[in-house]
Amino acid sequence: MALTDSSTGTVLKEYSIAELKDTANLMRGYDLVALCAAGSGHAGGTLSIMDIAAALYLKVANHDPKNPNWAGRDRIIWSTGHKAPSLYLGLAFAGFCPLDDVVTLRKLSSPYQGHPHWLKLPGVEASTGSLGQGLSIAVGLALAARLNNQKHKIFCIMGDGEQQEGQIWEAAMEAGHYQLDNLIGIIDCNRLQIDGWVKDVMGVEPLCAKYASFGWDVMRIDGHDMNQVVDALELAKTVTGRPVVILADTVKGKGVSFMEDQAGWHGKTPNYEELTKALEELALSDRIPVQHLLDKAKSYQAEVDRKLDDKMPKFTRDYWWNARDTMKVKMEPTRKGFGKSLADNGDDERVVCLGLDISGSITISDFYAGKPNRKKRWISMGIAEQSATSAAAGLAREGKLPVLGTYATFAAARNLDQIRTSVCYGNFNVMIAGAHGGVSVGPDGATHQALEDLFAMQGLPNMAVVVPCDAVETRKATNYLLLQHQGPKYIRFAREATPIVTDEKTPFVFGQANVIRLRREGPNFAEAFETGLAATYKDEGEDLSIIACGPMVPEAMRAAFILKKEFGYETRVVNLHTLKPIDAEAIVRAARETGVVVTAEEHQIGALAWRVSGIMTESSQLYGVPVITGAIGVKDRFGDSGAPWELIKKFEVSAEHIAHKALELMTFKKKWPEAKREEREHLFYAGMR
Ligand SMILES: Cc1ncc(C[n+]2csc(CCOP(=O)(O)OP(=O)(O)O)c2C)c(N)n1
């Protein structure tokens with residue numbers, strides 16, 4: 001069976017092998033158009049898995065596009081969530097969703113998220129994106145089917161690099177132990193991952209022998225030979241008494257000459273010229289309405305822009321970055337400062353950097369770039385965050401200064417117990433870099449946007465936590481943490497380019513906040529401000545304080561600018577780059593001296609806000625002192641796909657939102673003292689809203 005009408009049991013369409021081959025090719029073309037329109041995404045792996053996607057969705061799996069939740073359907077789990085476009089195209093060609101809509105891929109609020117989310121698109125069975133989890137989900141589905149006496153199959157698509165995740169092997173053991181013959185694993189063996197060839201990053205072969213030893217039935221096929229693909233999948237459905245894994249040999253970037261076998265095309269998308277060339281090679285130039293699709297993407301985007309703009313707090317002028325002379329700033333991603341520091345300090349023989357297959361993008365590879373003598377202290381660990389964390393503790397135990405880093409979600413959440421027990425409990429000198437913090441990660445979507453990491457990292461005894469405000473401060477913070485600070489340390493930075501607001505002369509003292517004040521206007525935004533240590537700052541009787549960390553500091557400065565220009569308010573911006581140990585004195589003084597405190601964090605509200613309010617609650621210097629507080633941050637929800645600055649707007653963490661909140665608090669501050677009882681009630685309820 002295949003595409004089925006679940007109410008009658010009739011097959012909706014029977015695909016021949018020739019039709020399947022042709023459709024897989026067409027899916028490749030639509031994939032590239034969607035990726036081109038998105039401007040980000042994964043060309044290589046979506047192309048390598050496409051023949052299998054076509055075979056599964058159009059021929060092998062039993063499912064009903066009109067009834068996506070049909071209990072008798074086969075389930076397909078995409079453990080490699082970054083191949084989401086292939087999943088979406090499988091669904092679209094099967095009739096679950098309109099084919100044209102896939103071109104809204106990775107755009108704000110689109111159901112076609114950067115990584116699949118089952119709550120957004122019918123037909124998606126699980127939300128994935130954090131590698132190594134899909135097979136365990138599939139084991140759960142297989143166990144449930146057995147408990148429910150259901151006969152359907154569960155397919156799970158994995159990558160070969162992904163096999164480096166330890167969780168895969170826990171799931172493989174479980175499936176073997178429970179003889180889950182309703183479970184079929186498929187591994188897209190394209191031999192490449194992000195940092196290069198799988199065999200070089202962290203060898204996983206012999207996969208046949210490994211799965212066989214875990215009690216699986218193993219098949220090895222050419223993943224681009226449609227006959228072999230369909231035969232293997234059909235045969236797998238008949239196996240009894242054990243789970244089946246199909247190792248499909250494939251080519252990353254299959255079908256496009258300049259993408260094939262190129263690691264660089266893992267997370268890259270074609271521009272218009274490359275798309276045109278690719279479609280020519282696929283003989284699809286006349287078969288895909290490229291312009292119509294790109295226009296559709298454009299008009300979707302225009303609607304996104306309009307809606308976002310409508311919701312933004314309004315002022316008399318546009319104060320967005322670089323919108324006018326006085327708002328001119330240089331932008332650079334904070335992560336670059338991390339790489340610079342590793343390049344500068346890497347000659348210290350104690351420094352050892354651990355790679356987790358995302359090395360270029362988080363800049364940890366700058367440690368050895370152009371310095372072959374350091375290569376022996378570069379240890380590639382594969383996609384294995386948990387083991388790498390404990391291994392770092394082992395290295396530190398022997399006097400090394402290990403540094404490991406990846407997306408903050410995987411660097412500070414997946415391995416939380418390892419950080420807690422192996423690293424922090426032992427108080428080891430391990431530096432953990434949580435890259436891509438916050439919603440400004442952009443189109444990869446919620447799974448890749450760390451919004452909770454700082455809760456956990458601050459909660460760990462012995463852990464130092466630093467969230468620098470720009471690339472310059474990131475370099476200084478890394479310099480300090482790497483070579484001077486003793487004990488576990490977590491540094492968080494962002495993916496997107498954000499304003500440079502400090503320079504060589506700006507003080508950076510670990511554990512001590514800076515105060516930033518707007519002094520004058522000029523052609524350079526950053527130069528309009530003066531920064532000094534909070535400890536030596538003299539109260540100037542400002543109207544309010546904004547306490548921020550990370551790239552929210554430049555946003556706080558921009559808010560201070562808006563508040564001054566539009567309302568004449570003086571703002572004390574406190575750059576709380578070190579969250580732990582926290583500068584309690586700077587917080588208490590800001591509260592006592594200004595009476596209004598707004599916190600600003602690109603994180604679920606609380607990592608900064610509750611720490612600040614905790615300090616204020618504890619301080620005897622604030623007994624009886626009225627302080628009006630507000631918090632800007634993400635409001636207890638997951639992120640979304642979209643462009644970085646769109647997400648800053650959507651999740652209400654821009655300068656405009658900070659200024660808006662500050663105004664609300666200032667109204668309160670001004671009116672409260674002389675307000676009569678009823679007016680106070682009114683103010684109180686207005687504040688609640
Ligand atoms: C837990 C986790 N760590 C890191 C990443 C970042 N990441 C996305 S894809 C990828 C490489 C995957 O390689 P592979 O499984 O071989 O997939 P393919 O090459 O087929 O795309 C990595 C490291 C992630 N998504 N999840």
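The model shown is predicted, which means the values in this text are computed figures rather than measured ones. All ligand and atom numbering here is 1-based and tracks the order in the structure.
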Visitor: When only distance counts, is Glu162 in polar contact with ligand 1, meaning an N/O pair under 3.5 Å?
Guide: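 Yes; at least one N/O pair falls below 3.5 Å.
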Visitor: Looking just at side-chain N and O atoms, do Thr478 and Ser341 make a donor-acceptor pair shorter than 3.5 Å?
Guide: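 No.
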Visitor: Looking only at distances, please establish whether an N/O atom of ligand 1 is found under 3.5 Å from an N/O atom of Tyr407.
Guide: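 By distance alone, the answer is no.
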Visitor: Below 3.5 angstrom, do we get any N/O pair linking Glu385 and ligand 1?
Guide: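 Yes; at least one N/O pair falls below 3.5 Å.
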Visitor: Just to confirm my output: which protein heavy-atom neighbour is closest to atom 5 (C) of ligand 1, and how far is it?
Guide: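 For atom 5 (C) of ligand 1, the nearest protein heavy atom is Phe410 CE1, 3.5 Å.
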Visitor: Any nitrogen or oxygen of Gly161 lying under 3.5 Å from a nitrogen or oxygen in ligand 1? Just yes or no.
Guide: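 Yes, Gly161 has an N/O under 3.5 Å of an N/O on ligand 1.
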Visitor: Counting from 1, what ligand 1 atoms have a heavy atom of Glu165 closer than 4.0 Å?
Guide: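 Near Glu165, meaning under 4.0 Å from one of its heavy atoms, ligand 1 has 1 (C).
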Visitor: Assess whether atom NZ of Lys336 is packed by more than 12 heavy atoms of other residues, nucleotides or ligands within 6.0 Å.
Guide: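 No, NZ of Lys336 has 12 or fewer neighbouring heavy atoms, counting only those of other groups under 6.0 Å.
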Visitor: Checking Arg377 side chain against Val351 main chain: does a donor-acceptor pair fall under 3.5 Å?
Guide: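 Yes, the answer is positive, given that a donor and an acceptor are paired below the 3.5 Å cut-off.
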Visitor: Counting only heavy atoms from other residues, nucleotides and ligands, does the tally under 6.0 Å from OH of Tyr425 exceed 12?
Guide: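 Atom OH in Tyr425 is not crowded, with 12 or fewer foreign heavy atoms closer than 6.0 Å.
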Visitor: Return yes or no for this condition: an N or O of Leu131 is under 3.5 Å from an N or O of ligand 1.
Guide: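 N/O-N/O distance under 3.5 Å: yes.
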Visitor: Regarding Glu385 and Tyr407, do their side chains bring together a donor and an acceptor under 3.5 Å, going by distance alone?
Guide: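 Checked: Glu385/Tyr407 side chains show no N/O donor-acceptor pair below 3.5 Å.
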Visitor: Note the single closest protein heavy atom to atom 18 (P) of ligand 1, along with its residue, its atom name and the distance in Å.
Guide: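 The closest heavy atom on the protein side is Lys252 NZ, 3.5 Å.
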Visitor: Are the aromatic ring centres of His436 and His448 under 6.0 angstrom apart?
Guide: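 Centroid separation for His436 and His448: 6.0 Å or greater.
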Visitor: Would you mind telling me which of Lys254, Lys21, Arg28 makes a salt bridge (charged side-chain N to carboxylate O under 4.0 Å, His left out) with Asp51?
Guide: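 Of the listed residues Lys254, Lys21, Arg28, the salt bridge (charged side-chain N to carboxylate O under 4.0 Å, His left out) partner of Asp51 is Arg28.
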Visitor: Would Ser390 and Ser422 satisfy side-chain hydrogen bond (donor to acceptor under 3.5 Å, both in side chains), going step by step from the backbone distance to the final call?
Guide: CA-CA 5 Å; Ser390 298; Ser422 301; 2.9 Å; yes
Visitor: Could you tell me which atoms of ligand 1, counted from 1 in the order shown, lie closer than 4.0 angstrom to a heavy atom of His448?
Guide: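 Per the distance check, 25 (N).
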Visitor: List ligand 1 atoms under 4.0 Å from Ile383, heavy atoms only on the residue side.
Guide: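 So the atoms of ligand 1 that pass are 3 (N), 4 (C), 11 (C), 12 (C), 23 (C).
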Visitor: Just jot down the ligand 1 atoms closer than 4.0 angstrom to any heavy atom of Lys83, in number order.
Guide: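 This gives 18 (P), 20 (O), 21 (O) as the contact atoms.
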Visitor: Would you please say whether a donor-acceptor pair under 3.5 Å links the side chains of Lys400 and Asn429?
Guide: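 Absent: no donor and acceptor within the cut-off.
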Visitor: Please write down residue, atom name and distance for the protein heavy atom closest to atom 13 (O) of ligand 1.
Guide: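 Ranking protein heavy atoms by distance from atom 13 (O) of ligand 1, first comes Gln193 CB, 3.5 Å.
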Visitor: Any nitrogen or oxygen of His82 lying under 3.5 Å from a nitrogen or oxygen in ligand 1? Just yes or no.
Guide: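 Yes, His82 has an N/O under 3.5 Å of an N/O on ligand 1.
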Visitor: Out of curiosity, is Gly129 lining ligand 1, as in a heavy atom under 4.0 Å away?
Guide: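 It does, in that a heavy atom of Gly129 comes within the 4.0 Å cut-off of ligand 1.
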Visitor: Aromatic contact between Phe638 and His117, with the criterion being ring centroids under 6.0 Å apart: yes or no?
Guide: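 Ring-ring flag for Phe638/His117: false, centres at least 6.0 Å apart.
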Visitor: Just jot down the ligand 1 atoms closer than 4.0 angstrom to any heavy atom of Ser130, in number order.
Guide: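 Heavy-atom distances to Ser130 below 4.0 Å select 1 (C), 26 (N).
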Visitor: For ligand 1, which part of Gln163 has a heavy atom less than 4.0 Å away: the side chain, the backbone, both, or neither?
Guide: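 Neither part.
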Visitor: Run the numbers for me: atoms of ligand 1, each under 4.0 Å from some heavy atom of Gly159, listed by number.
Guide: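 Once the distances to Gly159 are compared, the set is 15 (O).
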Visitor: Less than 4.0 angstrom from a charged side-chain N to a carboxylate O is my criterion; do Glu273 and Lys277 meet it?
Guide: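 Salt bridge between Glu273 and Lys277, a charged N being under 4.0 Å from a carboxylate O: no.
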Visitor: Would you confirm whether the ring centroid of Trp169 sits within less than 6.0 angstrom of the ring centroid of Tyr211?
Guide: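 Ring centres of Trp169 and Tyr211 closer than 6.0 Å.
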Visitor: Compute whether any side-chain donor of one residue and acceptor of the other, for Asp640 and Gln113, lie under 3.5 angstrom apart.
Guide: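 The criterion, which ignores hydrogens and geometry beyond distance, is satisfied for Gln113 and Asp640.
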Visitor: With heavy atoms of Leu192 as the reference, note each atom of ligand 1 found under 4.0 Å away.
Guide: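 With Leu192 as reference, the close atoms of ligand 1 come out as 16 (O), 19 (O).
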Visitor: Mark up the atoms of ligand 1 that fall under 4.0 Å of a heavy atom belonging to Ile194, in ascending order.
Guide: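 Reading through ligand 1 atom by atom, the close ones are 7 (N), 10 (C), 11 (C), 22 (C), 23 (C).
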Visitor: Give yes or no for whether the N/O distance cutoff of 3.5 Å, strictly under, is met between Asp357 and ligand 1.
Guide: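 No; every N/O pair is 3.5 Å or more apart.
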Visitor: What part of His266, side chain from CB on, backbone N/CA/C/O, both or neither, has a heavy atom under 4.0 Å from ligand 1?
Guide: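 It is the side chain that touches ligand 1; the backbone stays farther off.
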